[in-house]
There are 2 protein chains.
Amino acid sequence: MLLYQKIQKYIQTHIANGELAIGDKLPSERALQEHFNSTRITVREALNRLEAEGLIYSQKRRGWFVTPNKLKWRPATKVNFYQLAQEQGFTPNTHVLSIEKQENVSLNQHFSGDTLYKIERVRSLDGRPIMFEQINCDASRFDDLESQPLNGSITTIMTSHYHVDINNEECVISVTVLPDDVAKSLEKNSGAPCLKVIRQRFESSGILIDYNIEYWLHDAIEMIVIGQ
Amino acid sequence: MLLYQKIQKYIQTHIANGELAIGDKLPSERALQEHFNSTRITVREALNRLEAEGLIYSQKRRGWFVTPNKLKWRPATKVNFYQLAQEQGFTPNTHVLSIEKQENVSLNQHFSGDTLYKIERVRSLDGRPIMFEQINCDASRFDDLESQPLNGSITTIMTSHYHVDINNEECVISVTVLPDDVAKSLEKNSGAPCLKVIRQRFESSGILIDYNIEYWLHDAIEMIVIGQ
DNA sequence: CAGTGGTCTAGACCACGAT
DNA sequence: TCGTGGTCTAGACCACTGG
């Protein structure tokens, strides 16, 4: 067995038998290096593989930690983030990074209005930032949106306050890496793998309600999709 | 700018301007190392990041190549792999690794029958293996399945020959790494990131038709999901 | 058989986090 | 300030691929 595999197995075992619990910090890279009479390169090879596997994660310059359970998410249902997270035993939080109006240029293929709202938020579970989202919608349709409580469910605001009826949505899902600015917002190193979701939601008239880009940490989410 | 980022940018640029086209082999790690007066560790840092990004991929001990376009896949529709691939300009292929009957033990929570078929296949686009799947179904429901052409659409066989009506399906999607045996089948290094999809399909009676596990290379697929 | 990627050693310096 | 992870150097040997 290769050395990095031994290190991997060692950590896997300690997690499996509970000596390392969810959220715990792993020994430092140098401590592991000494324990295995090895080098940091090899230790980091093992850590990187465990990270790809989703067993551990790193926060920039703070260290390596045992990954919590994944949030099970059904994108096609209207259950909101707070409810979903709480049902699964997490303490959710949403931090609004920014809301601004901008001219409809880059997204003009999507919206008919000439001014858009752009909202950026970070969502956390038990204090761990796991998702960044950018929400784009028509400013004329959602007049004075900035005065609404934007750290809650935007969907609820849209349906209750603006009387939008969300009829259907389309998600495009791919695996890629966090853009640098998103990585910073999520306290991750640049280049961290993620699940990217582009969501478009429509009214029954066919009009586009919002166009959203979400970046989920790859180890923080499990999507459940029902077809037909 | 960091050295590995310079190397990354160099390769990105060469891909963007077409000097490196889809499927092309990159210069060897040692050639890149010399070109940047650096070391293989740093070169490999850059290559690993480009791989995570999906721009390049490696085949075990053969080298690094420019990633082809992603297959756009709508899991909830019944369009089969061949048709989908051809519509998008790929030449698809399916290789059946094995078909065997086994006792219903590990999956007994899913099927009522006491014997199951287990089929393992690898699917390729333009000669590149991109997906491994294991199909499990009830042997009594699909009598003599091994005499059917298993390198085509199993769905078509089930509907046409066995008169199954597929009513709905549930997919559970997560990001993880290829298990070692799957990595070998796909000519990848162990630890390669992937999209794992567990699909269950049901008849309108609610009976489970098949229980499938799919591993897609993370850079080979883009899923499109329609909700409501 | 030559060249490639896969694994590994034994160090180093720096920026940032915790305290 | 000290310890951490992030980046980087300068090598080495081995297993496998391809010619």
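None of the values given here were measured: they were computed from a predicted structure. Values below: every heavy atom of this structure, side chains too, minus hydrogens, waters and symmetry copies.
F36(B) meets the ring pair (Phe, Tyr, Trp, His ring centres under 6.0 Å) test with Y10(B); sequence neighbours excluded. Every residue two or more places apart in sequence or in another chain was checked for a salt bridge (Lys or Arg N to Asp or Glu O under 4.0 Å) with K101(A), and none qualifies.
Look at CD1 on I7(B): it is 13 Å from P on dT7(D), rounded to the nearest Å. Summarising the geometry, the separation between CZ on R30(B) and C1' on dG11(D) is reported as 11 Å, rounded to the nearest angstrom. When the C1' atom of dG5(C) is taken as reference, atom NZ of K188(B) falls 13 Å away, rounded to whole Å. Spacing between atom CD of E187(B) and atom P of dG5(C) amounts to 16 Å, rounded to whole angstrom units. Across the protein-nucleic acid pair, L2(A) atom CG and dT9(C) atom P stand 11 Å apart, rounded to whole Å. The separation between M1(A) atom CE and dC14(D) atom P is 21 Å, rounded to whole Å.
At a non-hydrogen distance threshold of 4.0 Å, R61(B), R62(B) from residues 58-67 of chain B come into contact with DNA chain D. At a non-hydrogen distance threshold of 4.0 Å, N37(B), S38(B), T39(B), R40(B), I41(B), T42(B), R49(B) from residues 32-52 of chain B come into contact with DNA chain D.
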- Task: Starting from the C-alpha separation in whole Å, work towards a yes-or-no answer on side-chain contact (heavy atoms from CB on, under 4.5 Å) for Y211(B) and Q134(B).
- Result: CA-CA 8 Å; Y211(B) 178 97; Q134(B) 184 194 93; 5.9 Å; no

- Item | Full working for side-chain contact (heavy atoms from CB on, under 4.5 Å) between I224(A) and W73(A) | CA-CA 6 Å; I224(A) 301 169; W73(A) 183 54; over 6 Å; no

- Message: Go through it in stages, so that I can follow the logic: the residues are I135(B) and R121(B), the test is side-chain contact (heavy atoms from CB on, under 4.5 Å), and I'd like the CA-CA distance, side-chain angles, deciding distance and then a yes or no.
- Response: CA-CA 8 Å; I135(B) 300 164; R121(B) 313 195 295 182; 3.8 Å; yes

Side-chain donor-acceptor pairs of residues 170-187 of chain B under 3.5 Å, sequence neighbours excluded:
unit_1, atom_1, unit_2, atom_2, d
S185(B), OG, D181(B), O, 3.2

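For the atom pair CG (N69(A)) and CG (D126(A)), the distance works out to 10.0 Å, reported to the nearest 0.5 Å. Taken from CG in D219(A) to OG1 in T67(A), the straight-line distance is 4.5 Å, to the nearest 0.5 Å. To the nearest 0.5 angstrom, I213(A) atom CD1 is 11.0 Å from E133(A) atom CD. Note that CD of E87(B) is 12.5 Å distant from NZ of K72(B), once rounded to the nearest 0.5 Å.
Using a 4.0 Å cut-off, no side-chain N or O of N189(A) falls inside it from OP1 or OP2 of dG5(D). The side chain of Y4(B) contributes no N or O atom lying less than 4.0 Å from OP1 or OP2 of dC8(D).
Electrostatic pairing of K196(B) and E214(B) does not count as a salt bridge here, judged by no charged N lying under 4.0 Å from a carboxylate O.
Pairs of Watson-Crick or G-U wobble type, with distances under 3.5 Å, assemble into runs of 3 or more in DNA chain D at these ranges: C:1-18 with D:1-18.
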